[in-house]
*Asks:* 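Quick one: the structure is below, questions incoming.
First the proteins, then the strands, lettered A, B, ... as listed; each starts at 1. For the numbers below, each heavy atom of this structure counts, side chains included, while hydrogens, waters and symmetry mates do not.
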Amino acid sequence: MAETVENATVKVESKPVAEQPKRWADEADEETPEEPSASSTSEDKGAEELGVENLAIDEEKKKINKFLDEPEDSNIKAVTTGDTPYTSASRFEDLNLSEELLKGLYVEMKFHKPSKIQAISLPMILTPPYKDLIAQAHNGSGKTTCFVLGMLSRVDPNVKAPQAICICPTRELAIQNLEVLRKMGKHTGITSEGAIPMDSTNSIPISKRAPIMAQIVIGTPGTIKKWMSAKKLGVSSVKILVFDEADHMLAEDGFKDDSLRIMKDIERISSHCQVLLFSATFNEIVKNFVLRVVKRDHNQLFVKKEELKLESVKQFKVYVPEELSKVLVVKERILELGENLGQTIIFVRTRNGASLLHKSLVELGYEVTTIVGSLRQEERDKIVKEFKDGLTQVLISTDVLARGFDQQQVNLVINYDLPIKHDRPSEPDYEVYLHRVGRAGRFGRKGAVFNLLFGDRDQMVMEKIETHFSVTVEEIPDWKSEKDFKGALRSAGLL
DNA sequence: AAAAAAC
């Protein structure tokens, strides 16, 4: 009951309604609360229902935390091992944060209260004995705040040495996380540094640099590894190690080797290092591996894959008669209609595809920018900055931006190509699909995804995606009909 | 017939 009152006060804001970001906290008000009986079942029964029996945790110590004070948490399942009790934090004040950090949260970040995942995970992160944590939560639900706040809070401001390291899959994500960290930690005086590849022109080789003194380091695996082996990044004081997009960081075809190497090197030198693994996705294979990577006594938060889709983002599919028709759909339907709907990201499968689409749209008179990993570093930074500053409306991207990229004005995502497994092109890459969808609808905002489909393979891949996430993706009957597209945007709440 | 990082 207290929740309701609090939410009501939270909603008072001076911003005009149209601009006001929709928060998960608001979304929760509209959900039907979980039936009381469901949360009062015995623990054993609860464990079965939650599907934790196949998780590699100490059976004797297994314990389910239901967080009864947060009924809207019904779709995040918490499993703790050991006897440490955790209480969900309904307010940031419940977390013993410093005044400086609270100021960062309220004044700089303009947060009111923890989101679901923050309420559950932060006590787990911040309570001794600082157990490892594997945390899954919806796209745009505020995972970054969990680990950034975790790092800022656990760092001792008086120790002038690296104490927290965060590893991300792309330089864009590392930069973004560093920006969040600096904003949130503005009043704390805690120092930070980005360990990301630089253009050779304006960078000093690491061998000639002084050792890193920053208290928090956020970067990409290659550069972190390089700094460590060059003995410029000392890890003896590191007490918290974060993997953002952890499923990808520990996937066989991701950064598994680098990540394990870094983790082992740190844990060998720094004895009590807490490891945090965050992502919106953990497929079964990665999940099973990840559970073996963390220490025996750890905490877990997972979401069922059927519940991962974002309710606020409506998905559509449209069949086109030939591959080339996709350009026309983008141009004549989506871009012309989408002009005033916020920003758009168009995902393509290959760098070459990105370049071809870019040329076509520019020839047709559209202003678009394109980002791929092969661009020069400063060029990448410029394109991302322009998009984040709202100077560009439409961004073509490979999967370099599929994960984590946070731009609240993105309302439209176009899958120009569906994400597929590179070794089995008839198999969708479900995780990438979900991450791409998650670029729209940040923090519960409205959004739409258009999947452009050509041929039997696309149809099959799309069907598999629908089955996997138990979602029906509405078909737009006629790719040439402006009316159909308008109807779609209207039903997505964008028009 | 991939993208990412970085060698």
*Asks:* Nearest to the side chain of A:T398, which nucleotide is it out of B:dA2, B:dA4, B:dA6?
*Replies:* B:dA4
*Asks:* Contact class for A:V372 (heavy atom, under 4.0 Å): base, sugar-phosphate, or nothing?
*Replies:* sugar-phosphate
*Asks:* Quick one: A:R436 CZ to B:dA3 P, roughly how many Å, whole number?
*Replies:* 11 Å
*Asks:* Tell me: CG of A:L173 to P of B:dA5, nearest whole Å?
*Replies:* 11 Å
*Asks:* Starting the side chain at C-beta, find the nucleotide from B:dA2, B:dA5, B:dA6 nearest to A:T223.
*Replies:* B:dA6
*Asks:* Between the side chains of A:E267 and A:K295, is the shortest nitrogen-to-carboxylate-oxygen separation below 4.0 Å, so that they form an ion pair?
*Replies:* yes
*Asks:* What contact category does A:K226 fall into here, base, sugar-phosphate, or nothing, at under 4.0 angstrom with non-hydrogen atoms?
*Replies:* sugar-phosphate
*Asks:* With distance as the sole criterion, is a donor-acceptor pair present between the side chains of A:S481 and A:D478 under 3.5 Å?
*Replies:* no
*Asks:* What is the distance from NE2 of A:H248 to C1' of B:dA3, rounded to the nearest Å?
*Replies:* 8 Å
*Asks:* If every non-hydrogen atom of A:W479 is compared with every non-hydrogen atom of A:F485, which pair is closest and at what distance?
*Replies:* O-CE1, 3.5 Å
*Asks:* Hydrogens and angles aside, do A:N415 and A:Y433 bring a side-chain donor and acceptor to less than 3.5 Å of each other?
*Replies:* no
*Asks:* Reckon A:R171 has a side-chain N or O less than 4.0 Å from the OP1 or OP2 of B:dA6?
*Replies:* no
*Asks:* A:I420 has an atom CD1; how far is it from atom C1' of B:dA2, in whole Å?
*Replies:* 9 Å
*Asks:* If I take atom CZ in residue A:R380 and atom P in nucleotide B:dA4, what distance separates them, rounded to the nearest angstrom?
*Replies:* 7 Å
*Asks:* Does A:P169 reach a base, just sugar-phosphate, or nothing at all? Heavy atoms under 4.0 Å.
*Replies:* sugar-phosphate
*Asks:* Any Lys/Arg nitrogen of A:D381 or A:R171 sitting under 4.0 Å from an Asp/Glu carboxylate oxygen of the other?
*Replies:* yes
*Asks:* Looking at every strand, decide which applies to A:D253 at a 4.0 Å heavy-atom threshold: base, sugar-phosphate, or nothing.
*Replies:* base
*Asks:* Rounded to the nearest angstrom, tell me the gap between atom CD1 in A:I262 and atom C1' in B:dA6.
*Replies:* 12 Å
*Asks:* Rounded off to whole Å, could you give me the CZ-to-C1' distance for the A:F255 and B:dC7 pair?
*Replies:* 13 Å
*Asks:* Do A:D258 and B:dA5 have a side chain to base donor-acceptor pair shorter than 3.5 Å?
*Replies:* no
*Asks:* Could you tell me how far apart A:L375 (CG) and B:dA4 (C1') are, to the nearest whole angstrom?
*Replies:* 13 Å
